[in-house]
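Letters A, B, ... are given to chains in the order of the sequence lines, protein chains preceding strands, and every chain is numbered from 1.
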Amino acid sequence: MPSSSIQRREAAAGWIFASPVILGWVIFVAGPVLVTLILSLTDYTVGGSPRLLGLENYRRFFTSADTSFFASVRATALYCMLSVPACVAVSFGLALLLNTRIRLRGLFRAALFLPVVIPLAASSVIWMWLFQPDFGVVNFVVRTLGMRAPQWLASERTVIPTMVLMNVWLTGNSMVIFLAALQGVPRHLYEALEVDGGNAFHKLVYVTLPMVSPTIFFTVTTGFIAALQAFVQPAIMTSDAYHAGGPNNSSLLYVLFIYREAFRFSKLGGASAAAVLLFAVIAGLTWCFFRFSRSLVYYEGGDRT
Amino acid sequence: MRRRCSLAARMMLLLLVGIVQPHARAAEGPVTIKYVYWGSPQEKLAIEKACAEFSRNAGVTVVPIYIPEQDYDAKVTAMVAAGDAPDAGYCTAQLASVWNGQGKFVNWFEMLAKDRDLKKGDFVDGIWFQNSPDNAYGISTAVEAFGLFYNKAAFKDAGLPEPPARFDKAWTWDEFVKVAQKLTIDRNGKNATEPGFDSTAIKQFGVTFESWWGPWSVHVLNNGGDYLTQDGKGFGLTDPAATRAMQRLADLINKYHVAPNPIQFKAIPSQAAAIQARLAAMSMHGQWINLDLGAAKANYGIGVLPKMDRNSGTILISGVSVIFKDTKHLAEAWALSKYLASDGALPLYQNGLWMPTMKKFYTDPALLAKWAGPDAAHPVGFKDSMMDMVLHHSRPSITYYVKNFGKLDSMVSAALDPVWQGKETAEQAMKKLKPQITPEIQGKYQLK
Amino acid sequence: MNEEQIPRRGRAAWFVYPSLVLLTAIFLFPFYWMVKSSLVDLGSIFQPTPSLVPRNPSLANYVTALTMFPFWRFFLNSLIVAVLTVLGTLLTASMCAFSFSRLRWQWRSRVFSVVLTGMMLPFFVVMIPQFIMWRFLGLTNGFTPLIAPAWFGGGVFNIFLLRQFFLAIPRDLDEAAVIDGASYARVFFQIVLPLSKPALIVVGLLTFLASWNDYLAPLIFITSEDKYTLMLGLNMFLGGYTAQWNYLMAATCAVVLPSVLIFLVAQKYLMEGIVMTGLKG
């Protein structure tokens, strides 16, 4: 392949500009991940000396009577499948609402973003209080409206949807990102559509969505990765010092499962194994997303990768 | 261009300052020991004060390191992993049992035998975390016991006599249930004994209790059951004495509707808050809530737990205070630990959070007057319902003698969830659990 | 005054206003509850029937909470960490995103995929090996472990985000500049960065918040109390058996205030800087 000097210059620049994260990856990710991989093959408990166990930790999760592994996987999968579409849809919808010509726009935008400013632990506590079935505000409103008061976090069936609801309150991050993306859609495209007789719906589907698709892709991908790693909410809202994971382990989300394995049971080997599995799943999912994206995502200014 | 350079230079300077400044090296000089602990703001203040006091008198620098309890395991694990272990401090039960198995802790009995001032007999019985009759890997941070806390106004409004504080006057379980029913009131004002009572819209519960191992195991033990079989090899919770106790508790929730499901009550900040706000009239809980109730000057009292088939009783329950064997300053760590188990802890006895581990605080009238009230945190029934019970009618809780407790407890707790929800009986749940849990049983520590 | 780019002429649809008002009320309600809870004692946070008005409100919780620990010291610590983190992130994340999106080099997509894996690990999985490393370097109990990752790419999330934005900018400008003999550094600093202001502001804001609210890393890496960050201080109120939620809420309100102020200020710049010049016809 011909390699002109411009191309070589560009390639060199490529490496130089990317060097911080490459170095960072080696120091902060690769090293620790390698250690984790090795630990997953041992029975390391801090302070003891690890014995090599081979794949025993993995086998234990999949086959033994310790069934909370599968409960955890189920709970996490359910949470992701509910949370990601809900959050992406809501944050996109909010961004659309805010991207219109109305007064007090800045005020609304600030109000809708503000929830992410509160430390997650504190907001988890507040929502836990609001959702308390007997004395909480949410059920007070529900009862006043004459409906039956659900158990929210206290019941197996409703605990995950409740956590999803709370998560939707926290879509300010994505909303702001969508807003920035919406602002970047060239106005002349809309005007062209209007000239052709298109209405708001057409504008949305033929201009907005395609132009914003890189951002949608980004939000869905990072949304999944974040949902798979949800920890603070299930820990605070449904666990305590003795019992992790809600009624009948129904909200034992995966990272909570890892945490419990590592720090309640002191089984760092097992926790590492669980972490390796999580890592593999996320890597697989991300790879799928990227492959899928080629056909769905429109990039105006760069090579699609 | 020039502006960009100076901006970059300023950034570099900031970066350097940010990195270099905080890395002050500890001065070489007097001995420094690290003490790890957790607790509420009052506890933090008291421990810091005690450590400062000790530092002044003993010429040692104590660095108290506060770690929120729920993160304790993660943090101390990281410290130990990196060779930066503390010298002494609190330890969570599950971590303690793992590390004890690795021989990480100093033997208190050994230290006491050599000590000139204190002897083992100076302490209340049953507060030692032991491996064997002559090895205590830790001491209870404090004496804590379970009792029946209640809101006086709730009883007055219902025209009911208050719960007895004396051991010999304890209610039977049926008496207790009846009282609880009368004190469970729905949003229409009906109590649980009246027709038309709506159990889905309760405004005040008769009684509440949490679902971790403490509140239910006290009843199991009172009823003559135990976690493990006598020989320590088998699962003891399938025995009728145990399942009857657990089922009675579950019936409070699902059959009589006088208690909330512990999961639905999790959001309530604490049992103390529940009593204070009359979300519940009674609470079967631990002595430490005297701190909050006292601080709020709540109108409350303490009674003894109702009895089941046998007598009322209570359990001693506490976190464990340990000394790490790897400490380089054993004498100093030992002196500090002794201090915090006696005079250094007086403020915490006074504000109601702790009860003393040393006998002299119960027997010496001058010392008693200093902490046991009656005052806001020690209502009139305290001497009977707490002190007397601790000294004469108590036994160590299961964390003191069951090996591999952390793992066992997580399995039992998970298995009990459907019981509290009324989906299974205690008997069914424990029988189902037995084959899965038996391989994890590792026996008992011999205490005597 | 720069006006925001608003793509629709004419009035907004009828449902926009009412929806926004309702949503705002719902979204802000928990804030109200937090403030209300900070003004009462622990036993009054729950009442048999919830009420909007706090019973016997007082500032006692604030007094206790803010004197419990050296609030200003912690504030300063958090600020130092956050500012240095944001600087590092803005610089290095945009550099890397630039490389992955606008420079062509042979291993680009493979390296990007590999680097992406950095997002996929919960922090406490890598926490202990990282702690051991920092201990080995003698840099624990300082801010370095907290700030260093920001200067090495600043988190793959940010690189990913910026990359998406950069990909949406047409290449004509770059190519023109390069043909004219500009170095890639100039293209980066003088062309791409200015065009990316909205994205950079977003990244800066999110990074600030993430650093400000970070709890786990300071917990592990900082041991002496005078270096605690604000979040670490907050968690001191969670005492295990006796969680003092009223103090926690008061302290949280005090802690959240700077975040809110910074956001409101940043919002102003967001509004003014969003026009993407040079691209719109």
Please classify the contact between Trp127(A) and chain C as side chain, backbone, both or neither, with a heavy-atom cut-off of under 4.5 Å. side chain
Test side-chain contact (heavy atoms from CB on, under 4.5 Å) applied to Leu120(A) and Asn213(C), step by step: CA-CA 8 Å; Leu120(A) 194 51; Asn213(C) 288 345; over 6 Å; no
Heavy-atom pairs under 4.5 Å with chain C - which of Thr286(A), Leu278(A), Ile22(A), Leu104(A) has more of them than the others? Thr286(A)
Structural part of Tyr215(C) lying under 4.5 Å from a heavy atom of chain A: neither
CG-CZ distance between Leu216(C) and Phe231(A), expressed to the nearest 0.5 angstrom: 7.0 Å
What residue, out of Phe160(C), Phe29(C), Tyr17(C), has the most heavy-atom pairs lying under 4.5 Å from chain A? Phe160(C)
Assert top hit (heavy-atom pairs under 4.5 Å, partner chain A, pool Val114(C), Thr49(C), Val21(C)) equals Val114(C)
For Trp107(C), is it the side chain, the backbone, both, or neither that has a heavy atom closer than 4.5 Å to a heavy atom of chain A? side chain
Under 4.5 Å, counting heavy-atom pairs only, tell me which of Trp105(C), Phe98(C), Phe208(C), Phe165(C) racks up the most with chain A. Trp105(C)
Reference residue Val117(A); test side chain to side chain contact (heavy atoms under 4.5 Å, CB included); the match among Leu261(C), Leu205(C), Val256(C): Val256(C)
Closest heavy-atom pair and its distance - Val35(A), Pro129(C): CG1-CG, 3.8 Å
Heavy-atom distance under 4.5 Å to chain A: side chain of Val203(C), backbone, both or neither? neither
Nearest 0.5 Å please: distance from the CH2 atom of Trp129(A) over to the CE atom of Met249(C). 4.0 Å
How many angstroms lie between atom CG of Asn173(A) and atom CZ of Phe157(C), to the nearest 0.5 angstrom? 6.0 Å
Option in Ala271(A), Gly24(A), Ser19(A), Gly172(A) with maximal non-hydrogen atom pairs under 4.5 Å from chain C: Gly24(A)
At what distance, to the nearest 0.5 angstrom, does CZ of Phe152(C) lie from CD1 of Ile27(A)? 4.5 Å
For Phe46(C), is it the side chain, the backbone, both, or neither that has a heavy atom closer than 4.5 Å to a heavy atom of chain A? side chain
Using 30° and 60° as the class limits, which term best fits the ring planes of Trp169(A) and Phe27(C): parallel, tilted or perpendicular? tilted
Intermediate values then yes/no, side-chain contact (heavy atoms from CB on, under 4.5 Å), Val156(C) and Val29(A): CA-CA 11 Å; Val156(C) 184; Val29(A) 177; over 6 Å; no
Pairwise distance CE(Met133(C)) to CZ(Phe28(A)) - rounded to 0.5 angstrom: 5.0 Å
Output for pair (Leu161(C) CG, Thr222(A) OG1), nearest 0.5 Å, gives 8.0 Å
Taking the side chain from Glu10(A) and the backbone from Arg104(C), do they hold a donor-acceptor pair closer than 3.5 Å? yes
If you count the non-hydrogen atoms of other residues, nucleotides and ligands that lie under 6.0 Å from CZ in Arg143(A), is the total more than 12? yes
Which bit of Val207(A) comes within less than 4.5 Å of chain C, counting heavy atoms only: side chain, backbone, both or neither? neither
Under 4.5 Å from any heavy atom of chain A, what part of Leu206(C) do you find: side chain, backbone, both or neither? side chain
Tell me, for Leu130(A) versus chain C, whether the close heavy atoms (under 4.5 Å) come from the side chain, the backbone, both or neither. side chain
Please look at Leu209(C) and chain A and tell me whether the side chain, the backbone, both or neither of the residue comes under 4.5 angstrom of a heavy atom of that chain. side chain
Which bit of Thr221(A) is near chain C, if near means a heavy-atom gap under 4.5 Å: side chain, backbone, both or neither? side chain
For the residue pair Met95(C) and Ile16(A), what are the closest heavy atoms and their distance? CE-O, 4.3 Å
Tell me the closest heavy-atom pair linking Phe135(A) and Gln47(C), and the distance in Å. CB-O, 3.7 Å
Under a 4.5 Å heavy-atom cutoff, which of Ile26(C), Val255(C), Asp172(C), Ile45(C) has the most pairs with chain A? Ile45(C)
So for Leu94(A), is it side chain, backbone, both, or neither that comes closer than 4.5 Å to the heavy atoms of chain C? side chain
Heavy-atom pairs under 4.5 Å with chain A: which of Val115(C), Leu116(C), Thr92(C) has the most? Val115(C)
Which bit of Val281(A) comes within less than 4.5 Å of chain C, counting heavy atoms only: side chain, backbone, both or neither? neither
For each of Val137(A), Val232(A), Ile225(A), tally heavy-atom pairs with chain C at distances under 4.5 Å, and name the one with the top tally. Val137(A)
Tell me, for Ser37(C) versus chain A, whether the close heavy atoms (under 4.5 Å) come from the side chain, the backbone, both or neither. side chain
Side-chain donor/acceptor of Ser99(C) to backbone N/O of Phe17(A), under 3.5 Å: no
For a side-chain contact (heavy atoms from CB on, under 4.5 Å) check, start with the C-alpha distance between Leu97(A) and Phe15(C), then their side-chain angles and the critical distance, and finish with the verdict. CA-CA 9 Å; Leu97(A) 275 180; Phe15(C) 58 81; 4.1 Å; yes
Counting only heavy atoms closer than 4.5 Å, note whether Thr24(C) contacts chain A via side chain, backbone, both or neither. both
When every non-hydrogen atom of Leu114(A) is compared with those of Phe31(C), the smallest separation belongs to O-CZ, 3.4 Å
Side chains of Pro214(A) and Leu167(C): does their closest heavy-atom pair fall under 4.5 Å? no
If one checks every heavy atom of Ala13(A) against chain C at 4.5 Å, the contacting part turns out to be both
Test item: Gln130(C) side-chain N/O and Pro32(A) main-chain N/O as donor-acceptor pair under 3.5 Å: no
